[in-house]
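Working notes, structure below.
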Amino acid sequence: MKRDIAPVALVATQPFVTAVNAGVPAKSVAELIQLAKKEPGRSATVPRVGGASHLGTAMFRALAGIDIVHVPYKAPGGRHGLIATRSRC
């Protein structure tokens, strides 16, 4: 496969945290993936469309082979929807 671009150096890293609503029965990432496969269409909130967390969520979704719905959250930081139990995943 021919590539138009190639990586040349690692210039930054970005840590990611996955948090779920306390009502979600998943207690690990593996359990979260199983749940998302069993119940496709669960929602995931991220603070900014096109930001690192949005792209990370899209990558997680693709690599895990799950169907989760991206719901942009307008509150600063995006975490308030999880805390207030508005997000389903």
Side-chain angles (χ1 to χ4, degrees):
M1 168 194 315
K2 182 182 176 200
R3 296 180 183 222
D4 292 331
I5 60 172
V8 293
L10 177 63
V11 294
T13 60
Q14 174 69 44
F16 288 97
V17 174
T18 298
V20 297
N21 181 300
V24 174
K27 302 300 180 207
S28 68
V29 173
E31 289 179 9
L32 182 62
I33 292 169
Q34 287 176 348
L35 180 64
K37 287 182 177 184
K38 181 180 167 187
E39 300 177 21
R42 294 183 77 86
S43 61
T45 60
V46 296
R48 230 182 354 233
V49 173
S53 57
H54 181 201
L55 299 177
T57 301
M59 185 175 178
F60 174 68
R61 177 182 172 197
L63 291 173
I66 56 176
D67 177 22
I68 54 176
V69 178
H70 168 246
V71 179
Y73 200 75
K74 295 180 181 182
R79 294 169 294 280
H80 298 77
L82 290 170
I83 295 167
T85 70
R86 293 183 191 123
S87 182
R88 292 185 53 226
C89 184

**Prompt:** Quick one: salt bridge (Lys or Arg N to Asp or Glu O under 4.0 Å) pairs with a partner in residues 19-35, sequence neighbours left out?
**Reply:**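 Not a single pair qualifies under salt bridge (Lys or Arg N to Asp or Glu O under 4.0 Å).
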
**Asked** Can you list every salt bridge (Lys or Arg N to Asp or Glu O under 4.0 Å) pair that touches residues 49-62, not counting sequence neighbours?
**Response**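 Salt bridge (Lys or Arg N to Asp or Glu O under 4.0 Å) check on residues 49-62 returns Arg61-Asp67.
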
**Request:** Could you check Phe16 against Thr57 for side-chain contact (heavy atoms from CB on, under 4.5 Å), going step by step and ending with a plain yes or no?
**Result:** CA-CA 9 Å; Phe16 288 97; Thr57 301; over 6 Å; no

**Atom of Val20, atom of Ala26 and distance for their closest heavy-atom approach** =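 For Val20 and Ala26, the tightest heavy-atom pair comes out as CG2-O, 4.2 Å.
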
**Request:** Could you pull out the closest heavy-atom pair between Leu55 and Gly50, with the gap in Å?
**Result:**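 Looking at all heavy atoms of both residues, the shortest contact is CD1-O, 3.9 Å.
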
**Item:** Pairwise side-chain contact, Val29 with Phe60, heavy-atom cut-off 4.5 Å (strictly under)
**Value:**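 Yes, their side chains come closer than 4.5 Å.
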
**Asked** Just one of Leu32, Ile33, Leu35 clears the side chain to side chain contact (heavy atoms under 4.5 Å, CB included) bar with Ile66, so which one?
**Response**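 That would be Ile33.
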
